[in-house]
2 protein chains.
Amino acid sequence: MLPQTGYKLWLDYRKVKNSELLQEYRNQIQSVYIQPDTKTLEIAQKELSVGLAGLLGDKPTFLERQNIKNAIIVAKIKDLNKEYQALFESSKIEENGFQISHVKENIIVTSNDDIGVLYGVFHLLKHLQMNLPLKKLPIFDAPKIDLRILNHWDNLDRSVERGYAGNSIWKWHKLPGYIDQRYIDYARANASVGINGTVLTNVNANALILTPMYIKKVAALANVFRPYGIRVYLTARFSAPIEIGNLKTADPLNPEVRNWWKAKIDRIYKEIPDFGGFLVKANSEGQPGPQNYGRSHADGANMLADALAPHKGIVMWRAFVYSEHDATDRAKQAYNEFVPLDGKFKENVLLQVKNGAIDFQPREPFHPMFGAMPKTPLMMEFQITQEYLGFSTHLVYLPKLYEEVLQADTYQHGKGSLVAKVIDGTLDHKKISGMAGVANIGSDVNWTGHPFGQANWYGFGRLSWNPYLSAKTIANEWLRMTYSTNDEFVTPMIKMLLISRAAVVNYMTPLGLHHLMDTGHHYGPGPWVSNLSRPEWNPVYYHKADSLGIGFDRTPTGSNATAQYAKPVADTFNNLETCPEEYLLWFHHLPWDYKLKNGNILWNGLALKYQEGVGQVREMQSLWEQIKPYLSAEQYQEVAMLLSIQLKEAKWWRDACMSYFQTFSKKPFPKGMETPKHSLKYYKSLKFPYAPGIRPSWH
Amino acid sequence: MLPQTGYKLWLDYRKVKNSELLQEYRNQIQSVYIQPDTKTLEIAQKELSVGLAGLLGDKPTFLERQNIKNAIIVAKIKDLNKEYQALFESSKIEENGFQISHVKENIIVTSNDDIGVLYGVFHLLKHLQMNLPLKKLPIFDAPKIDLRILNHWDNLDRSVERGYAGNSIWKWHKLPGYIDQRYIDYARANASVGINGTVLTNVNANALILTPMYIKKVAALANVFRPYGIRVYLTARFSAPIEIGNLKTADPLNPEVRNWWKAKIDRIYKEIPDFGGFLVKANSEGQPGPQNYGRSHADGANMLADALAPHKGIVMWRAFVYSEHDATDRAKQAYNEFVPLDGKFKENVLLQVKNGAIDFQPREPFHPMFGAMPKTPLMMEFQITQEYLGFSTHLVYLPKLYEEVLQADTYQHGKGSLVAKVIDGTLDHKKISGMAGVANIGSDVNWTGHPFGQANWYGFGRLSWNPYLSAKTIANEWLRMTYSTNDEFVTPMIKMLLISRAAVVNYMTPLGLHHLMDTGHHYGPGPWVSNLSRPEWNPVYYHKADSLGIGFDRTPTGSNATAQYAKPVADTFNNLETCPEEYLLWFHHLPWDYKLKNGNILWNGLALKYQEGVGQVREMQSLWEQIKPYLSAEQYQEVAMLLSIQLKEAKWWRDACMSYFQTFSKKPFPKGMETPKHSLKYYKSLKFPYAPGIRPSWH
């Protein structure tokens with residue numbers, strides 16, 4: 001069977017191949033000191049044992065004393081020998097940070113706390129996995145963001161909304177008695193990249209998770225995750241007091257409702273003393289919320305925050321709201337709803353904001369809320385699962401997307417007001433900061449469906465630790481840890497990862513187009529869909545193609561959504577001279593013969609962008625051929641099959657979209673664009689009733 | 001991560017530990033001859049390569065000539081050298097059978113056909129895996145049953161009806177382009193035990209599987225399975241001509257309907273030349289069927305059979321029917337419906353009959369249809385997935401149940417008319433024979449949820465090859481292949497497996513009780529359920545407990561279901577003196593103070609049987625403790641957790657059932673039965689809205 005099933009993720013710990021380097025490592029790592037006197041340090045010891053055995057080929061020797069040489073010494077600063085202690089400054093190491101240094105022929109991994117030590121151990125192992133020389137030490141590192149959290153859109157029946165890697169890894173039925181090995185390996189993988197929280201349940205929430213039977217199950221998971229530094233969070237269904245509490249209302253200002261939540265939360269903390277808190281989707285896409293009772297989002301969030309505060313729990317309140325009753329522009333609505341509430345939220349509330357104002361598109365301009373709420377901590381919500389990006393069949397390296405958003409400049413305090421600084425809290429000196437990623441994790445043996453989906457989980461984790469890392473740095477780490485440290489493998493693979501995001505933008509939604517995906521499942525193109533009850537659920541709402549042209553005018557002549565950005569940003573987007581062409585049709589409705597910067601008319605340029613996306617997939621295929629020698633036959637074959645599907649679907653996107661837009665432009669396809677294989681009627685006829693990831697009730 | 005995740009099933013090929021034996025093997029297996037000139041032989045070669053590398057520690061040397069010594073020579077008889085050929089008699093080896101013999105210092109594995117060679121290779125590898133001496137050769141073997149088929153109750157949305165090991169392994173969305181490695185490993189595992197067919201879809205069928213888009217996906221799976229000797233079958237929804245064919249009727253005698261099916265089937269064979277045929281659930285539990293049009297089951301089956309016959313396809317028509325309009329006894333209805341049709345079915349129709357007349361209970365008397373239809377091939381339908389047997393949490397070794405059924409004597413042609421002989425066709429000289437098993441396979445890393453669920457898949461396969469094998473023989477094989485060949489491991493583990501089936505009968509439904517499971521999900525006890533629309537869906541229908549006593553009178557004073565058996569069998573069951581006590585309450589309604597053979601009154605005896613079941617789980621736990629040294633920490637811990645849950649649930653069964661029955665018997669619990677921990681009200685209050693395996697529409 002498969003020599004490498006992908007189950008081990010980036011923690012495979014293959015033996016070091018370079019014999020000189022192996023000798024260097026072995027000389028330095030003749031023994032290891034670590035006292036497993038807490039569960040976390042026990043885990044660190046076990047990881048060192050497994051990791052070093054794999055990397056160096058022999059189980060490490062653990063010694064009981066620090067007075068040794070050519071060893072690794074792992075301990076909190078306060079537990080180091082006096083002579084070592086003198087060399088470290090506690091105050092210089094932040095919470096959960098670590099230092100790895102050469103001291104007297106030893107390598108010391110230390111921190112002020114257990115979790116910092118564990119992070120340090122994972123870091124040292126990564127150093128060896130990447131085959132870096134030991135002289136590259138010392139290393140200081142610490143997380144720049146407080147809350148580094150996965151969001152699982154997992155239902156209690158184990159279906160996963162927008163999940164493309166099998167079903168939920170939470171085996172609710174067998175909990176609390178049965179602890180799946182996967183829970184442990186999930187915790188290890190997360191700890192290795194610094195993820196320190198997990199929301200177990202879908203934002204489209206089910207109140208049953210708050211009943212005693214389920215709380216016991218949640219507690220069992222919390223017990224597994226705790227020593228890895230991972231807290232458990234749940235989604236709170238706002239109407240739970242009615243559904244499981246027998247109350248007549250869920251009005252957040254009603255005293256009975258407030259008492260119900262307080263009692264419920266007290267009960268949860270009895271079972272889970274370090275429970276993290278709640279993530280809430282309220283008054284959004286049919287979910288109940290405070291507005292059902294004429295109250296504001298702040299009223300709703302603060303009610304929960306009050307009940308959580310005595311336990312140091314937090315509320316992550318999602319800003320993803322839009323209404324079918326607001327006819328102007330969906331892109332404006334979250335801002336309009338929330339920005340006026342700045343300063344109204346309790347201290348333990350964070351607003352969780354998607355990276356863009358629509359919904360996890362292949363490319364969106366950064367969300368205008370970033371930087372616009374100086375008194376409220378804003379969490380980033382990235383999507384790791386590829387709802388709009390080809391599910392788990394397309395290879396799309398998402399850190400490239402994340403990097404683009406984090407590096408965007410809001411100009412809220414002048415140049416350099418990066419989104420990353422909003423998120424890490426430094427721009428407005430926030431007391432708490434966070435980043436959430438909607439997980440792409442499921443029950444597939446390799447966790448993420450596409451083996452390269454693992455890179456997106458890894459990359460999200462790394463960026464939640466340090467939002468200033470480059471996508472390239474992360475790609476380099478992941479590739480070396482997961483597959484091979486050979487440069488002839490790594491160099492073309494970095495190239496493949498980095499073009500993959502440009503490819504998907506080009507073959508799905510180039511030049512600022514967005515939300516052209518077929519409705520419900522979001523699989524494949526559906527730019528013609530116009531028959532859904534809510535206008536903003538229809539792709540035609542977003543592209544507005546007509547005989548004159550295409551695009552959504554969000555400038556002052558249109559919806560004026562650009563006014564939500566700081567002036568320099570708004571000016572840039574409003575002006576056709578300065579608006580980046582990748583956002584062109586996001587902000588402007590332009591005639592088919594509008595001249596692009598390269599001299600092509602818009603129609604031709606659009607066609608060639610689609611074609612370029614298809615070409616980029618072909619390039620990815622050829623890079624994959626090139627690195628074949630570094631893979632097992634099965635590893636090679638798996639991704640080769642997936643790339644073939646991706647190419648087929650890239651063409652499908654190009655041909656379906658261009659054939660449809662042609663009904664408006666009435667222009668021939670330009671030279672350089674391959675001719676569609678099928679008729680528009682054919683593309684419109686395709687149906688996928690069991691596309692994965694959709695809510696069962698939607699079938 | 002896990003040293004042994006269970007993914008490799010019984011094909012782990014661990015290195016032989018006994019050094020003398022290893023030397024013996026190495027001396028004999030210095031090289032291997034096999035010409036991979038067909039896909040099947042290529043697979044055989046690959047399996048030898050992986051298997052011998054694992055078992056002997058070195059990759060085998062493959063040579064191109066047969067004129068060698070101390071080698072394994074693998075070839076069809078016609079491809080052997082003349083001098084070897086002379087030593088084998090083609091006519092003595094049946095279709096897909098094989099012979100393994102010592103010839104001139106070599107071991108020859110041969111057959112008349114490729115699949116026989118592949119089976120022989122797996123058999124030889126098993127011989128080595130079990131660490132058997134090579135002098136134990138030669139071996140002749142051949143399958144005794146023609147169709148050895150897994151039934152997957154898998155839906156197109158990847159949910160699995162009655163599936164407890166994750167979701168479906170068929171990734172429909174990614175087919176046909178993506179061939180999951182699991183498909184290959186599934187085929188290997190099946191071929192290794194001789195399974196030669198798979199029904200991919202749920203008997204509660206969806207007509208979409210017959211549309212061109214899905215047929216292409218099915219064809220891709222058929223291409224993977226073909227060289228492993230495995231044919232693909234589908235379930236046919238009887239109303240498909242209406243649902244996907246735009247016809248107004250599905251009447252099997254309507255010419256348009258007949259033409260539609262003929263065209264549909266011709267189309268399928270164009271894509272899948274060796275398509276196996278259809279499995280049909282008709283006029284059963286709401287499924288459409290010929291009776292909707294006033295036609296008989298024979299009319300329906302024959303219509304499909306006619307269309308399949310030119311392609312050598314078959315129809316497997318399920319006999320699992322019962323009607324809410326028949327007030328007498330559900331147990332009688334399949335017999336009443338089908339036995340009068342004996343002789344009316346086309347040659348390529350088999351009736352697929354569940355092992356007992358109700359529904360996959362922990363214990364049922366054999367189905368009275370076995371032996372009662374001398375002109376019709378009857379296939380056995382066993383359930384491997386544990387719908388009524390504790391899902392994938394309880395360790396229940398099912399070959400013990402299968403053996404009991406197969407060894408039962410129908411007396412249809414006098415003593416010795418075993419069910420096994422009905423199934424293998426020898427009793428009435430049937431032209432075709434078959435055995436089906438409802439699969440327990442899902443997307444869990446270890447395939448079956450409970451690691452010991454693998455033994456049930458393995459055991460089903462072995463019994464479908466040879467229905468006369470003992471459960472003990474099979475347990476011995478599976479344990480040695482999967483875990484350890486050490487007798488100190490194997491002996492207690494065989495004991496554990498063999499008592500596990502008795503345990504579940506005792507703690508769930510002792511003394512012939514049946515169908516006490518809570519309704520819908522069938523998880524846990526629900527003997528009190530009486531409010532369902534169809535009487536025969538209520539547990540009270542089956543136990544008929546009242547102030548006088550308990551049990552279902554199926555003798556001539558009651559429903560007279562016993563009359564469906566041959567006279568000697570009926571007489572045995574009717575007579576309280578001769579009726580085996582394990583079937584007592586299946587056939588008799590008896591007073592609470594009825595005297596059992598051991599002198600206890602029925603009430604006390606029932607209590608002590610429940611208690612015995614609980615005790616047997618404790619015994620299983622203690623056996624598991626005993627073999628701890630032979631397992632990794634993770635392997636030990638996983639089953640230890642599951643046994644803890646099993647013990648808890650065994651007590652739950654005892655306490656809930658006995659507390660409920662006590663409301664009728666009004667008698668105290670006897671000495672020897674532990675006192676229930678909770679009230680009956682508590683047990684009745686337990687709800688499991690997301691128990692796995694239920695149809696989503698039933699939630």
Side-chain angles (χ1 to χ4, degrees), chain A residues 1-2 5 7-9 11-12 50 155-159 164 166-169 171-174 177-182 184-185 188-189 206 208 213-214 391-393 442-446 449 521 523 634 637-638 641-642 644-646 648-649 686-694 696-697 699, chain B residues 1-2 5 7-9 11-12 50 155-159 164 166-169 171-174 177-182 184-185 188-189 206 208 213-214 391-393 442-446 449 521 523 634 637-638 641-642 644-646 648-649 686-694 696-697 699:
Chain A
M1 312 218 174
L2 262 190
T5 61
Y7 180 80
K8 294 188 179 184
L9 298 161
L11 300 175
D12 193 19
V50 173
N155 301 314
L156 300 185
D157 66 358
R158 293 191 64 195
S159 64
Y164 312 105
N167 55 7
S168 172
I169 59 172
K171 298 181 172 173
W172 291 113
H173 178 69
K174 289 185 178 172
Y178 178 78
I179 300 301
D180 198 292
Q181 177 65 27
R182 260 198 134 114
I184 297 164
D185 293 325
R188 288 176 56 229
N206 185 328
L208 274 183
M213 178 171 89
Y214 277 97
F391 293 8
S392 60
T393 320
S443 62
D444 276 2
V445 174
N446 75 3
H521 48 60
Y523 170 62
E634 290 85 357
Q637 184 57 26
E638 182 175 25
M641 287 186 286
L642 291 166
S644 289
I645 299 175
Q646 189 170 357
K648 202 178 131 202
E649 297 191 352
L686 298 175
K687 292 280 168 283
F688 306 93
Y690 293 101
I694 202 162
S697 61
H699 279 310
Chain B
M1 314 222 174
L2 262 190
T5 62
Y7 180 80
K8 295 188 179 183
L9 298 161
L11 300 175
D12 194 18
V50 172
N155 300 314
L156 300 186
D157 65 359
R158 293 190 66 194
S159 64
Y164 312 106
N167 56 6
S168 171
I169 58 172
K171 298 181 173 175
W172 292 113
H173 178 69
K174 288 184 177 171
Y178 178 77
I179 300 301
D180 198 293
Q181 178 65 27
R182 259 201 134 113
I184 297 164
D185 293 325
R188 288 177 56 229
N206 185 328
L208 274 184
M213 177 171 92
Y214 277 97
F391 293 7
S392 61
T393 320
S443 63
D444 276 2
V445 174
N446 75 4
H521 49 61
Y523 170 63
E634 289 86 356
Q637 184 58 26
E638 182 175 25
M641 286 187 285
L642 290 166
S644 290
I645 299 175
Q646 188 170 359
K648 202 177 131 203
E649 296 190 354
L686 299 174
K687 292 281 168 282
F688 305 93
Y690 293 99
I694 202 164
S697 60
H699 279 312

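Every chain is numbered from 1, with letters handed out A, B, ... down the list of sequences.
For the pair B/I179 and A/M641, the minimum side-chain heavy-atom distance is below 4.5 Å. Taking 4.5 Å as the limit, some side-chain heavy atom of B/N167 sits within range of a side-chain heavy atom of A/S443. Between B/Q181 and A/E634, the closest side-chain pair of non-hydrogen atoms falls below 4.5 Å.
Residues satisfying the ring-ring contact (aromatic ring centres under 6.0 Å, His included) criterion with B/F391, sequence neighbours excluded, are A/H173, B/Y164, B/Y523. With sequence neighbours left out, A/D180 forms a side chain to side chain contact (heavy atoms under 4.5 Å, CB included) with A/K171, A/Y178, A/R182, A/Y183.
Only the side chain of B/I645 comes within less than 4.5 Å of a heavy atom in chain A; its backbone stays farther off. The parts of B/S392 that come within reach of chain A are both its backbone and its side chain, each placing non-hydrogen atoms under 4.5 angstrom from that chain.
Per-residue counts of heavy-atom pairs under 4.5 Å with chain B were compared for A/I184, A/D444, A/L686; the largest is that of A/D444.
In this structure, the separation between CG on A/L208 and NZ on B/K687 is 12.5 Å, given to the nearest 0.5 Å.
Contact record, A/P689 with B/M213: CD-CE, 4.5 Å, taken as the closest heavy-atom pair.
A side-chain donor from one of B/Y690 and A/N206 sits under 3.5 Å from a side-chain acceptor of the other.
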